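Single-structure report; data block below.
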Amino acid sequence: MRSGVDKMNLNRRETVIPFIPGDGVGPEIMAATKKVIDHAVARSHSGAVVLRWEELLAGSAAHEAVGEWLPKDTLDTILARGVALKGPLMTPVGGGIRSLNVAIRQALDLYASVRPVRYFEGVPSPVKHPEKMNIVIFRENTEDVYKGVEWRSGSKEVIELLAFLKSRMGVDISADSGIGIKPISRTASKRLIRAAVNHAVKKDLKTVTLVHKGNIMKFTEGAFRDWGYELAKEEFNDLVVTEEQIRTSGESPDGKVLMNDRIADNMFQQILTRPDEYSVLATPNLNGDYLADACAAQIGGLGLAPGANIGENAAVFEAVHGTAPKYAGKDVANPSSLILSGAMMLEHIGLDSSAALVVKSLERVLADGVMTQDLARMKDEKGVGTSAFADAVIAAMG
Ligand code: NAP
């Protein structure tokens with residue numbers, strides 16, 4: 001995976017970071033995030049590293065400027081730089097586009113959606129022990145329902161498919177059904193699970209759990225699980241031990257990553273009852289979509305959950321929430337999700353100390369009870385605005 005383009009300029013290193021402000025609250029949370037990140041980089045590198053922000057067009061801004069929602073130039077620049085920070089983009093209604101966010105992931109083959117979910121002290125939560133949640137979700141980003149094909153009930157395609165299924169496969173499906181196809185491949189499953197295991201090894205995490213619905217969908221979800229175990233054996237024999245190996249041969253994890261699997265419905269129970277027994281979840285697309293939000297709810301909501309979409313040639317870091325149009329232009333949106341995504345980006349391009357400073361300062365501010373309205377209202381408080389929150393994070397850097 002490549003990082004941003006660096007230029008040596010005597011003793012100062014300039015790193016170019018493309019960014020998409022986004023729609024709705026996007027420009028406000030992006031401005032707050034850039035300010036926090038610039039400050040952290042300046043502070044942790046004493047001015048020796050400088051970020052040069054390069055604005056890219058996408059969404060409404062692009063449509064107004066060049067009549068396109070997602071210009072090719074934007075995608076080319078992200079590929080050339082290898083990295084980008086992105087605000088939320090609205091889905092154009094009636095534009096024939098399913099989602100601009102999904103379009104970016106697919107165009108750049110950003111196959112791993114990475115969502116770390118951890119608790120920040122002081123944040124109101126709906127559960128008794130939110131501090132037990134510290135899980136990174138690796139969700140497959142290109143297949144399953146993202147690549148799914150659907151046909152409407154009664155359409156020509158469905159009539160033809162039903163006839164084919166009945167005559168050639170002996171499968172009888174009710175004539176008034178809509179039909180969807182959900183593909184899950186060996187190649188895409190393995191590369192996603194490989195990324196999850198590599199992350200666990202690099203970060204010294206205890207477990208990688210394959211989450212699937214293989215008891216019902218044996219050749220898609222069940223195959224995802226089987227290919228995960230196959231990968232562990234083929235490529236990580238020295239580093240990974242499976243639950244099965246422990247059960248049958250009495251092998252012990254002994255510093256190795258434990259690979260296990262859980263059926264999706266059980267996993268939803270586990271994240272509530274025993275979240276501390278899990279560190280990395282590797283999931284097909286749809287399971288990961290549900291799980292990531294369910295995990296985020298336990299630590300105070302989507303406002304605190306960062307996200308990255310990572311491929312071999314580029315990585316796009318983004319807030320996981322949408323454009324929150326009702327808050328646009330009011331300086332009230334929570335910028336934390338984008339700030340934390342920015343911290344993930346800093347780590348990705350090798351600025352680990354800056355990333356750590358951002359996270360530590362955010363921790364400090366939240367622990368002091370400084371919060372935007374979405375969190376403050378759970379404590380019957382009013383909260384601070386987007387820019388005041390960013391200023392508090394900067395002040396916490398010392
Ligand atoms: P949303 O924009 O995430 O907003 C839903 C609700 O979440 C808001 O009404 C607000 O809740 C809360 N919220 C979200 N972000 C917040 C923030 N930064 N600070 C405080 N509260 C926040 O979801 P949506 O209304 O379903 O979608 C709106 C548009 O965003 C759609 O066009 C959708 O396609 C797009 N979208 C984009 C992305 C992306 O770019 N990755 C992701 C999801 C959706 P309360 O009303 O309870 O205060």
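Values in this document were obtained by computation on a predicted structure and should not be read as measured data. Both ligands and their constituent atoms are indexed starting at 1 by order of listing.
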Could you tell me if [X] sits above the aromatic ring of [Y], with its cationic atom closer than 6.0 Å to the ring centre and no more than 45 degrees from the axis?
X: Arg139; Y: Tyr290; answer: no
X: Lys34; Y: Phe19; answer: yes
X: Arg274; Y: Tyr278; answer: no

Identify, for [atom], the protein heavy atom at the shortest distance, and state residue, atom and that distance.
atom: atom 9 (O) of ligand 1; result: Lys326 CE, 3.9 Å
atom: atom 30 (O) of ligand 1; result: Thr323 N, 3.1 Å
atom: atom 40 (O) of ligand 1; result: Asn101 OD1, 2.8 Å
atom: atom 18 (N) of ligand 1; result: Asn334 O, 3.0 Å
atom: atom 8 (C) of ligand 1; result: Ala324 CB, 4.3 Å
atom: atom 10 (C) of ligand 1; result: Tyr327 CE1, 3.8 Å

Please indicate whether [X] has more than 12 foreign heavy atoms, meaning atoms of other residues, nucleotides or ligands, lying under 6.0 Å from its [atom1].
X: Lys147; atom1: NZ; value: no
X: Lys35; atom1: NZ; value: yes
X: Glu121; atom1: CD; value: no

Exercise. Does a side-chain N-to-carboxylate-O contact under 4.0 Å join Lys190 and Glu235?
Worked result: no
Problem set entry | Salt-bridge present (Arg247, Glu244; N to O < 4.0 Å) |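 Salt bridge flag = yes for Glu244 with Arg247.
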Identify, by atom number and element, the atoms of ligand 1 in contact range of [X], meaning under 4.0 Å from any of its heavy atoms.
X: Ala333; value: 18 (N), 19 (N)
X: Pro88; value: 40 (O)
X: Met90; value: 32 (O)

Exercise. Where's the contact between Thr91 and ligand 1, heavy-atom distance under 4.0 Å: side chain, backbone, both or neither?
Worked result: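 The answer is both.
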How about [atom]: does it have a protein heavy atom within less than 4.0 Å?
atom: atom 12 (C) of ligand 1; value: no
atom: atom 43 (C) of ligand 1; value: yes
atom: atom 32 (O) of ligand 1; value: yes
atom: atom 26 (O) of ligand 1; value: no
atom: atom 6 (C) of ligand 1; value: no
atom: atom 2 (O) of ligand 1; value: yes

Problem set entry | Side chain His129, main chain Glu131, donor-acceptor under 3.5 Å |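 No.
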Problem set entry | Single hit among Thr220, Asn287, Asp226, Asp261 for side-chain hydrogen bond (donor to acceptor under 3.5 Å, both in side chains) with His212 | Asp261
For this session: Say whether Glu28 and ligand 1 are in contact under the criterion: heavy-atom distance to a ligand atom below 4.0 Å.
Result: no
Exercise. Does ligand 1 have an atom under 4.0 Å from some heavy atom of Leu89?
Worked result: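 Leu89 counts as a contact of ligand 1 under the 4.0 Å cut-off.
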For this session: Pick whichever of Glu318, Arg377, His321 has a heavy atom sitting closest to atom 14 (C) of ligand 1.
Result: His321
Exercise. Should one rank Gly303, Gly322, Gly59 by closest heavy-atom distance to atom 23 (O) of ligand 1, which comes out on top?
Worked result: Gly322
Exercise. Run the side-chain hydrogen bond (donor to acceptor under 3.5 Å, both in side chains) check on Ser387 and Asp331 step by step: do they pass?
Worked result: CA-CA 7 Å; Ser387 43; Asp331 192 39; 3.1 Å; yes
Problem set entry | Option passing side-chain contact (heavy atoms from CB on, under 4.5 Å) with Leu100 (candidates Thr91, Leu70, Ile20) | Leu70
